[in-house]
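See below for the structure under consideration.
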There are 2 protein chains.
Amino acid sequence: MSDLLERLRGRGWRMTAQRRVVAEVLDGDHMHLTADEVHARAVDKLPEISRATVYNTLGEMVSLGEVIEVSTDHRAKRYDPNAHRPHQHLVCARCGAIRDVHPAGNLLGDLPDTERFGFTISDVEVTYRGICPNCA
Amino acid sequence: MSDLLERLRGRGWRMTAQRRVVAEVLDGDHMHLTADEVHARAVDKLPEISRATVYNTLGEMVSLGEVIEVSTDHRAKRYDPNAHRPHQHLVCARCGAIRDVHPAGNLLGDLPDTERFGFTISDVEVTYRGICPNCA
DNA sequence: CGCTTGACTTAGACAGTGTCCATTGTAGGA
DNA sequence: TCCTACAATGGACACTGTCTAAGTCAAGCG
């Protein structure tokens, strides 16, 4: 049922009820939750789970590369379990809705050598902003 | 001396000592200060300026499109007075150094219609991440 | 199967960043 | 110069995230 959980188990993660619940919440149908939203949903399944545990667990998942941290608004980080298909984000400036998108071009290649200032570039993060159909 | 100040004056901004100081800080040592850093520098010039005023003033400058809000790390917002030449940012993953860069391609065009989900897209924000020469 | 141990969880205090509000001050026009 | 609307003040508050000390438990081992 939970791919995410499978992969984590395979990495020698000690499996606890708390971690299972966090993984389930992320893997469920809700995308791009904040840490506190994850915590709220986790509490529904496991009332005594603490905020710190959710933060720790999310942080570990990010370190393991199983989850991506996104900050599209300038507020709380959001967690995106879709870490295995590279993608970018499209955000509604009005309601904050977020969609995963897959740009065509070679984003890394768009930056000429003369604009790299000796940096070794490893990653490009793109956020498209606009107004979604509902808000238009 | 201060283009920024000129432009703001031209928009009918009520000119106060506080706003002048904030504009000078941004236009001076320029480059990607956080709000609290701006406040610290402003206090050097005008000791009684309050934190709230700096936050308000920066917010107004952003609304007027004279300054851009950047959040490259996932911590404090930074303020970029270089709002009139469209540009993106290159960030060192280790030391946090930030450089303005000017990518070649048509970033907006990179997103095919089929990936727009009915959004009216108005803006693209790109952050290149890597390691700077000093940290390498 | 029960022990042992070190990793995990907990609750709550704390820190950083940003916002709000009631009050006081003041820029700029009449 | 005086008025008034707009701006600044400062301190409380809210949100997000981190840390710590103490208790708990998963999982390997005998």
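Computed from a prediction, not measured in an experiment: that's the story for all the values here.
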List, one per line, each side-chain donor-acceptor pair under 3.5 Å for residues 120-128 of chain B, sequence neighbours excluded.
| residue | atom | partner | partner atom | Å |
| --- | --- | --- | --- | --- |
| S122(B) | OG | R129(A) | O | 3.3 |
| E125(B) | OE1 | R129(A) | NE | 3.0 |
| E125(B) | OE1 | R129(A) | NH2 | 3.2 |

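The CD-C1' distance, from E60(A) to dT18(D), rounds to 14 Å in whole Å. Rounded to whole angstrom, the span from the CG atom of L46(B) across to the C1' atom of dT9(D) amounts to 12 Å. Across the protein-nucleic acid pair, H39(A) atom NE2 and dT9(C) atom P stand 12 Å apart, rounded to whole Å. Between the CE atom of M15(A) and the P atom of dG6(C) there is a distance of 21 Å, rounded to whole Å. Here dG17(D) presents its P atom at 11 Å from CD of E37(A), a figure rounded to the nearest Å. To the nearest angstrom, P of dA7(C) lies 11 Å from CZ of R19(A). Distance, W13(A) CH2 to dA26(D) C1': 14 Å, rounded to whole Å. Remark: C1' of dC8(C) and CD1 of I49(A) are 11 Å apart, rounded to the nearest angstrom.
Between the R94(A) side chain and the C132(A) main chain, no donor and acceptor come within less than 3.5 Å of each other. Of the possible polar contacts, one joining the H39(B) side chain to the I49(B) backbone as a donor-acceptor pair under 3.5 Å is found.
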Provide a list of protein-nucleic acid N or O atom pairs under 3.5 angstrom, restricted to nucleotides 16-19 of chain C.
| residue | atom | partner | partner atom | Å |
| --- | --- | --- | --- | --- |
| dG18(C) | OP1 | K77(B) | N | 2.9 |
| dG18(C) | OP2 | Y55(B) | OH | 3.2 |
| dG18(C) | N7 | R51(B) | NH2 | 2.4 |

What nitrogen or oxygen pairs link the protein and nucleotides 1-4 of chain D at under 3.5 Å?
none

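Here the OG atom belonging to S50(A) is positioned 11.5 Å from the OH atom belonging to Y55(A), to the nearest 0.5 angstrom. Between the CZ atom of R20(B) and the OG1 atom of T57(B) there is a distance of 12.5 Å, given to the nearest 0.5 Å.
Side-chain N/O atoms of Q18(A) include none lying less than 4.0 angstrom from OP1 or OP2 on dT24(D). Within the structure, a side-chain polar atom (N or O) of T16(A) is placed less than 4.0 Å from OP1 or OP2 of dT9(C).
Ring geometry for H102(A) against H87(A) counts as tilted: the plane angle lies between 30° and 60°, on a 0 to 90° scale.
Contact annotation: the side chain of R78(A) never approaches that of D80(A) to less than 4.5 Å [non-hydrogen atoms, C-beta and beyond]. Taking the side chain as every heavy atom from C-beta outward, L64(A) and M61(A) never approach each other to under 4.5 Å.
Taking all atoms of both residues into account, the shortest heavy-atom contact from P112(A) to A104(B) is CD-N, 4.0 Å.
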